[in-house]
*Asks:* 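Got a structure for you, written out below as structure tokens; questions coming shortly.
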Amino acid sequence: MEYINLDSLGVRPLSFYLAAEEYVARHMEADDCFFMWQVEPSVIFGRNQLIENEVNVKYCQDHGIKMFRRKSGGGCVYADMSNVMFSYITRGENVNFTFNRYMNMLVLVLFKMGVEAKATGRNDILIDGRKVSGNAFYHLPGRSIVHGTMLYDTNMEHMVGSITPSDAKLVSKGVESVRQHIALLKDYTTMSLDEFKLFVRRNLCQGEITLDAEAIAEIERIEQGYLSDTFIYGHNPRYSVVRRKRIDGVGDIEVRMELKNGIIKQVNLLGDFFVVGDLDTITHSLHDVSLEPAALATALPERLGDIILHLDKPSFIDLLINP
């Protein structure tokens with residue numbers, strides 16, 4: 001695996017590293033590429049999430065925490081200079097194989113450090129049953145991109161406050177609660193953060209690529225798409241019906257529909273689920289369809305799991321029908 005060396009560029013906004021992933025996926029010939037990055041305090045939310053549902057915008061504005069949207073699914077996370085972000089770009093589009101391979105690579109590195117970790121659930125790595133890493137993925141033609149966090153340390157108050165109400169008492173209780181469910185790698189190793197990064201690089205990568213000025217300029221051009229208000233804040237279509245549910249193995253799904261005489265006219269899917277196909281295939285199939293089980297079953301694609309990971313048709317129809 002090749003290491004993409006961005007060290008000489010200093011600390012860039014989170015959007016730059018998302019754009020760098022795209023650049024590597026589109027332009028690098030190596031089968032497997034990897035790089036690490038750190039950012040000033042930022043929140044990053046998933047492709048199909050509404051910012052007002054996931055982010056405490058006022059808290060972020062008051063505390064200088066930047067807000068970004070990514071093109072992968074999954075939930076909202078907080079990042080700062082005390083933890084490290086990983087990006088893995090590989091050939092191929094087999095979601096389960098790619099994701100499992102990446103997660104197993106990270107678990108093996110932690111084991112080599114003497115840290116007993118395991119991959120579990122949809123996208124987490126746990127130590128002592130507590131989350132130390134969360135990951136997400138998306139596709140470009142012929143490539144898969146997996147990226148995620150590794151919690152060496154973090155500002156717990158900002159982690160909680162940027163995603164939950166900023167009332168001081170709620171933040172205090174939230175910190176206590178969240179701290180019981182996450183692991184900080186610093187508590188399990190004597191390595192400094194820089195030593196940990198070097199250890200990961202030496203154990204995962206055999207070669208190194210340094211990007212030239214032309215490549216950096218192209219990354220900065222791609223980055224502008226991540227910085228547009230339209231991409232970050234999105235647009236909220238009209239809706240008259242909202243359905244929400246957490247489906248085991250899939251995640252939280254929120255369906256917003258505009259109905260006219262029981263017929264679906266518009267539909268929008270939100271949540272922390274993982275998209276592995278073209279989401280429009282689902283939403284377009286529902287246009288002008290009666291909100292009835294038989295009509296929905298006929299209109300929807302047969303294999304929803306090829307579009308939203310692990311989603312089956314009966315569970316989705318149940319979500320659409322039942323308040």
Side-chain angles (χ1 to χ4, degrees), residues 1-28 30 32-45 55 60-72 76-89 106 109 132-136 140 145-159 162 184-186 189 191-229 231-232:
M1 182 151 55
E2 299 289 333
Y3 184 77
I4 308 298
N5 192 337
L6 303 174
D7 297 347
S8 65
L9 301 179
V11 177
R12 295 290 189 101
L14 190 150
S15 50
F16 176 85
Y17 301 104
L18 298 178
E21 293 173 341
E22 280 200 45
Y23 177 85
V24 170
R26 296 183 190 278
H27 297 283
M28 294 289 101
D32 296 286
C33 296
F34 176 81
F35 62 92
M36 292 175 282
W37 39 286
Q38 292 164 269
V39 291
E40 299 293 342
S42 304
V43 291
I44 176 172
F45 52 100
V55 180
C60 291
Q61 292 172 339
D62 290 347
H63 294 84
I65 299 171
K66 304 299 184 183
M67 296 170 285
F68 300 92
R69 183 188 297 275
R70 62 183 186 269
K71 293 183 179 179
S72 59
C76 182
V77 299
Y78 168 82
D80 57 30
M81 291 298 293
S82 296
N83 70 313
V84 61
M85 312 291 280
F86 293 160
S87 294
Y88 172 59
I89 303 97
L106 292 189
V109 169
V132 72
S133 174
N135 301 277
L140 289 175
I145 295 172
V146 185
H147 47 204
T149 62
M150 182 61 72
L151 280 171
Y152 181 87
D153 195 4
T154 194
N155 183 317
M156 290 295 303
E157 187 167 317
H158 281 349
M159 173 184 281
S162 61
L184 299 178
L185 193 57
K186 68 172 186 177
T189 179
M191 291 184 187
S192 67
L193 179 53
D194 286 339
E195 289 169 339
F196 168 68
K197 290 166 58 181
L198 183 60
F199 185 88
V200 170
R201 178 173 170 178
R202 285 176 173 171
N203 279 273
L204 289 184
C205 302
Q206 294 75 47
E208 178 180 308
I209 297 172
T210 299
L211 301 180
D212 59 22
E214 183 178 350
I216 300 304
E218 176 62 13
I219 291 172
E220 291 170 341
R221 186 195 67 77
I222 297 171
E223 181 185 12
Q224 295 310 304
Y226 286 95
L227 295 173
S228 72
D229 285 347
F231 181 74
I232 295 173

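For reference, positions follow the sequence shown, starting with 1.
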*Asks:* Counting only N and O atoms by type, is there a donor-acceptor contact under 3.5 Å from the side chain of Ser162 to the main-chain atoms of Cys60?
*Replies:*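 No; zero donor-acceptor contacts below 3.5 Å.
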*Asks:* Using side chain to side chain contact (heavy atoms under 4.5 Å, CB included) as the criterion, list what pairs up with Arg221, not counting sequence neighbours.
*Replies:*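 For Arg221, the residues satisfying side chain to side chain contact (heavy atoms under 4.5 Å, CB included) (neighbours in sequence not counted) are Glu218.
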*Asks:* Between Leu18 and Ile44, is any pair of side-chain heavy atoms under 4.5 Å apart?
*Replies:* yes
*Asks:* Quick one: list whatever passes side chain to side chain donor-acceptor pair (under 3.5 Å) with Asn135, sequence neighbours left out.
*Replies:*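 Result, side chain to side chain donor-acceptor pair (under 3.5 Å) vs Asn135: Ser133.
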*Asks:* So, taking the atom named CZ in Phe34 and the one named OH in Tyr88, what distance separates them when rounded to the nearest 0.5 Å?
*Replies:*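 Here the rounded value is 10.5 Å.
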*Asks:* For side chain to side chain contact (heavy atoms under 4.5 Å, CB included), just list the numbers for Gln224 and Phe231, CA-CA rounded to whole Å, side-chain angles, deciding distance to a tenth of an Å, and then say yes or no.
*Replies:* CA-CA 10 Å; Gln224 295 310 304; Phe231 181 74; over 6 Å; no
*Asks:* Report yes if some heavy atom in the side chain of Thr189 is under 4.5 Å from a heavy atom in the side chain of Glu195; otherwise report no.
*Replies:*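 No. Closest side-chain heavy atoms not under 4.5 Å.
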*Asks:* Out of curiosity, Asn203 CG to Leu198 CG, how far, rounded to the nearest 0.5 Å?
*Replies:* 9.5 Å
*Asks:* How long is the span from the CD1 atom in Ile232 to the CG atom in Leu227, to the nearest 0.5 Å?
*Replies:* 6.0 Å
*Asks:* Provide the closest heavy-atom pair for Glu21 versus Ile89 in the form atom of the first, atom of the second, distance.
*Replies:* O-CG1, 4.1 Å
*Asks:* Output all residues satisfying salt bridge (charged side-chain N to carboxylate O under 4.0 Å, His left out) with Glu214, sequence neighbours left out; order by chain, then residue number.
*Replies:* none
*Asks:* Report yes if some heavy atom in the side chain of Phe45 is under 4.5 Å from a heavy atom in the side chain of Val55; otherwise report no.
*Replies:*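 Yes, their side chains come closer than 4.5 Å.
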*Asks:* If the condition is side chain to side chain donor-acceptor pair (under 3.5 Å), which residues does Arg70 pass it with, not counting sequence neighbours?
*Replies:*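 By the side chain to side chain donor-acceptor pair (under 3.5 Å) rule, Arg70 matches Ser72.
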*Asks:* In chain order, what residues pass the side chain to side chain contact (heavy atoms under 4.5 Å, CB included) check against Glu2, with sequence neighbours excluded?
*Replies:* Ala30, Cys33, Ile209
*Asks:* Would you call Arg201 and Asn5 a side-chain contact if the rule is heavy atoms closer than 4.5 Å?
*Replies:*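 Yes. Closest side-chain heavy atoms under 4.5 Å.
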*Asks:* So do the side chains of Leu211 and Met28 get within less than 4.5 Å of each other, counting heavy atoms only?
*Replies:* yes
*Asks:* Rounded at 0.5 Å granularity, tell me how far CG in Leu193 sits from CE in Met36.
*Replies:*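 Atom-to-atom, Leu193:CG and Met36:CE are 9.5 Å apart.
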*Asks:* Among all residues two or more places apart in sequence or in another chain, which pass the ring-ring contact (aromatic ring centres under 6.0 Å, His included) test with Phe199?
*Replies:*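 Per chain and number, Phe199 pairs via ring-ring contact (aromatic ring centres under 6.0 Å, His included) with no residue.
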*Asks:* Which atom pair, heavy atoms only, marks the closest approach of Ala25 to Leu140?
*Replies:*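 Result for this residue pair: CB-CD1, 3.7 Å.
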*Asks:* Decide yes or no for Val109 and Leu204: does some side-chain heavy atom of the first lie under 4.5 Å from some side-chain heavy atom of the second?
*Replies:* yes
*Asks:* To the nearest 0.5 Å, what is the distance between CD (Glu208) and CD1 (Ile4)?
*Replies:* 9.0 Å
*Asks:* Does the side chain of Asn83 reach to within under 4.5 Å of the side chain of Met150, using non-hydrogen atoms?
*Replies:*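 No, too far: nothing below the 4.5 Å cut-off.
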*Asks:* Can you sort out the partners of Phe196 under ring-ring contact (aromatic ring centres under 6.0 Å, His included), two or more places apart, ordered by chain and number?
*Replies:* none
*Asks:* Just jot down the ring-ring contact (aromatic ring centres under 6.0 Å, His included) partners of Tyr152, sequence neighbours excluded, or say none.
*Replies:* none
*Asks:* Restricting to side chain to side chain donor-acceptor pair (under 3.5 Å), what partner residues turn up for Tyr78, sequence neighbours left out?
*Replies:*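 If we apply the side chain to side chain donor-acceptor pair (under 3.5 Å) test to Tyr78, skipping adjacent residues, the hits are Asp80.
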*Asks:* Quick one: are Gln206 and Met1 in side-chain contact, heavy atoms under 4.5 Å?
*Replies:*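 Yes, their side chains come closer than 4.5 Å.
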*Asks:* In chain order, what residues pass the ring-ring contact (aromatic ring centres under 6.0 Å, His included) check against Tyr23, with sequence neighbours excluded?
*Replies:*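 In terms of ring-ring contact (aromatic ring centres under 6.0 Å, His included), with neighbours along the sequence ignored, Tyr23 is linked to His27.
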*Asks:* Determine the minimum heavy-atom distance between Leu6 and Ala20, stating which atoms define it.
*Replies:* CD1-CB, 4.4 Å
*Asks:* For Ser42 versus Val39, what's the shortest heavy-atom pair and its separation?
*Replies:*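 Shortest heavy-atom contact: OG-CG2, 4.0 Å.
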*Asks:* Partners of Arg26 by salt bridge (charged side-chain N to carboxylate O under 4.0 Å, His left out), sequence neighbours excluded?
*Replies:*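 Listed in chain order: Glu22.
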*Asks:* Once you measure the plane-to-plane angle for Tyr17 and Phe35, does it fall in the parallel (<30°), tilted (30-60°) or perpendicular (>60°) bin?
*Replies:*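 It falls in the tilted class, 30° to 60°.
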*Asks:* Please output the side-chain donor-acceptor pairs of residues 7-16 that fall under 3.5 Å, not counting sequence neighbours, one pair per line with the distance.
*Replies:*
from	atom 1	to	atom 2	distance (Å)
Arg12	NH1	Glu220	OE2	3.0
Ser15	OG	Glu223	OE2	2.7

